[in-house]
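What follows is a short report on a single structure.
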Number of protein chains: 2
Amino acid sequence: MQPGWEAIRAEVLRRIRAREWRPGDLIPGEEALAGEFGVARATVNRALRDLAGAGLLERRRKAGTRVALNPVRKATLDIPVTRQEIEGRGQSYAYRLLSEDDLAAPVPVTSRLGLPPGSRLLRLRALHLADGRPHLYEDRWLNPQVLPTPRPDFHAISANEWLVRNQGFVTGDIAFAAEPAGADEAAVLGVGEGAALFVIERTPWSAEAPITAVRLAYAPGYRMQTLL
Amino acid sequence: MQPGWEAIRAEVLRRIRAREWRPGDLIPGEEALAGEFGVARATVNRALRDLAGAGLLERRRKAGTRVALNPVRKATLDIPVTRQEIEGRGQSYAYRLLSEDDLAAPVPVTSRLGLPPGSRLLRLRALHLADGRPHLYEDRWLNPQVLPTPRPDFHAISANEWLVRNQGFVTGDIAFAAEPAGADEAAVLGVGEGAALFVIERTPWSAEAPITAVRLAYAPGYRMQTLL
DNA sequence: GAGTGGTCTAGACCACCAA
DNA sequence: TGGTGGTCTAGACCACTCC
């Protein structure tokens, strides 16, 4: 039998689950395991690195590898472009730009973006529809520095889609919450004021500058789902 | 300069962002890039594999590596044990078991778990408190097959914590939503009926059997946050 | 200081799958 | 069926960090 790194990962996993190696225990070094399994050290390394990435092992140079005391579950979420998400369900997608203004951004927005107070940003409000019904209300403040001249036509393409295609990979943060619908949101989404909305707030950064601060409020019934 | 796989990843990223390689383009093979960067093919492989994992590249044997047309953002969420999450914020943690019953589970629950209708499960209802105030209402159906005899004392340890410590790594699914508080939840959490609650539903499986179906309703104001 | 994991190399074989 | 990515090896050097 040729183990392969996935087989080694599975065996290590089995020993953890079987409590042969208990939380907090130091497990044998890579060299020792390589000898035991009859593979090269790099193969063991690949398996253990994968388990460490999943939060099951904690590895430190010199200190060795331990079974994590508090296995933090890590779930990977896919954050699709809204149009694809809707079309992927077989529904028709439509997008409507509600407003587009150059404004001095309020302080909470500039501080989220790390820009000086009073910076002028492009504010976009838009509605995404699935089968003609309101699906997602988008409220976005966009750093005009990242835009080319002339500006993209945000009536034709959603800002998110344009950014995904033209900004590539970026860092940033993302937060999820449940919030009651405000008066504006309730009207736009066609729900009662105070309805429970699933809200995503994102603040992506490129290497050089903050890109945008966006608040996405989903119509009731939206669920975000993933495998563990 | 010794590139290293992270430098190679950065350079590939730069080319994608600079649109030297556009979405859908076939990029050079590993061998060619290894030659260009003056590193071994394994080093290039590591960098490209990482970018593919992030959703930016699509790789297929024989077909080669392409820049993804629709870069799906992937975010990794940490799902901590509630006690640690609260104590990590410097708040005091308390846990109160509200009820513990052997019941025939309703059909939605048995179907989620893939068990025959009418299966008897252990239902646990519990409240987690932060600084003495309601933080999280937990409604859980637990497969008694995974429990030892005698059963753990779920007054002393929360079911989640017991499972994390004793079930090890499992698969399953997880969903996030915003829902209005029902009458029970509102009373337990001390909020108005219909308040917007952040809800997580989890259904973890071990290799052999479904473990539990749990619904977690967080008190208003809860945010789940992570880096992209 | 020394032990451990992190990474790199040069080469090899293999699995997959588009042509 | 050939080209490409996936993986493995045996060895090496290095960086980090605990002792």
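Each chain gets a letter, A, B and so on, in the order the sequences are listed, and its residues count up from 1. Keep in mind the model is a prediction, meaning the values are calculated, not measured.
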Practice problem: Choose from dG5(C), dT9(C), dG6(D) the nucleotide whose nearest atom is closest to any side-chain atom of Thr65(A). | Solution: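 So the side chain of Thr65(A) is nearest to dG5(C).
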Exercise. Name the closest nucleotide to the Glu30(A) side chain, picking from dG6(D), dT9(D), dG6(C).
Key: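 So the side chain of Glu30(A) is nearest to dG6(C).
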[X] [atom1] - [N] [atom2] separation (whole Å):
| X | N | atom1 | atom2 | value |
| --- | --- | --- | --- | --- |
| Leu57(B) | dG6(D) | CG | P | 11 Å |
| Arg46(A) | dT7(C) | CZ | C1' | 14 Å |
| Asp50(A) | dT7(D) | CG | P | 10 Å |
| Ile8(A) | dC8(D) | CD1 | P | 8 Å |
| Glu58(A) | dG5(C) | CD | C1' | 15 Å |
| Arg59(B) | dA18(C) | CZ | P | 15 Å |
| Asn45(A) | dT7(D) | CG | P | 14 Å |
| Arg66(B) | dT4(D) | CZ | P | 12 Å |

Quiz item: Can you check whether Thr43(A) has a side-chain N or O nearer than 4.0 Å to OP1 or OP2 of dT7(D)?
Solution: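 For dT7(D), neither OP1 nor OP2 has a side-chain N or O of Thr43(A) closer than 4.0 Å.
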Quiz item: Quick one: on DNA chain D, does Ala40(A) or Glu31(B) contact a more 5' nucleotide (nearest heavy atom)?
Solution: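 Nearest nucleotide further toward 5': that of Glu31(B).
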Quiz item: If you find the nucleotide of DNA chain C closest to Gly64(A) and the one closest to Arg49(A), which residue's nucleotide is nearer the 5' end?
Solution: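 Counting from the 5' end, the first nearest nucleotide belongs to Gly64(A).
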Practice problem: For the residue pair Phe176(B) and Phe176(A), categorise the inter-ring angle as parallel (less than 30°), tilted (30 to 60°) or perpendicular (more than 60°). | Solution: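 Judged by the thresholds at 30° and 60°, the geometry between Phe176(B) and Phe176(A) is parallel.
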4.5 Å side-chain heavy-atom contact, [X] and [Y]:
| X | Y | answer |
| --- | --- | --- |
| Asn160(B) | Arg140(B) | yes |
| Arg112(B) | Pro210(B) | no |
| Ile16(B) | Leu57(B) | yes |

Quiz item: Hey, what do you get for OH (Tyr95(A)) to CG (Leu136(A)), rounding to the nearest 0.5 Å?
Solution: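 Nearest 0.5 Å value for the OH-CG distance: 10.5 Å.
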Polar atoms only, N or O, under 3.5 Å: list the protein pairs with nucleotides 14-18 of chain D and their distances.
unit_1  : atom_1 : unit_2   : atom_2 : d
dA15(D) : N3     : Arg61(A) : NE     : 3.2
dC18(D) : OP1    : Arg60(A) : NE     : 3.3

Self-check item: Test applied, side-chain hydrogen bond (donor to acceptor under 3.5 Å, both in side chains); reference residue, Glu30(A); option that passes from Thr43(A), Asn45(A), Thr65(A)
Solution: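 Single pass found, and it is Asn45(A).
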Quiz prompt | Helix axis bend for the helix from dG1(C)-dC18(D) to dA18(C)-dT1(D) - C1'-based end axes, five pairs, 10° rounding | solution =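 If I round to tens, the end axes sit 20° apart.
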Self-check item: Other residues, nucleotides, ligands: >12 heavy atoms within 6.0 Å of Arg96(A) CZ
Solution: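 Result for CZ/Arg96(A): open.
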Practice problem: Ignoring hydrogens and angles, answer whether the base of dT7(C) and the side-chain atoms of Arg41(A) contain a donor-acceptor pair closer than 3.5 Å. | Solution: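 Such a pair exists between side chain and base.
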Self-check item: Distance-only donor-acceptor check, side chains Tyr137(A) and Arg215(A), under 3.5 Å
Solution: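 The answer is no; no qualifying pair exists.
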Quiz prompt | Counterpart residues, salt bridge (charged side-chain N to carboxylate O under 4.0 Å, His left out), relative to Arg202(B) (two or more places apart) | solution =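 Result, salt bridge (charged side-chain N to carboxylate O under 4.0 Å, His left out) vs Arg202(B): none returned.
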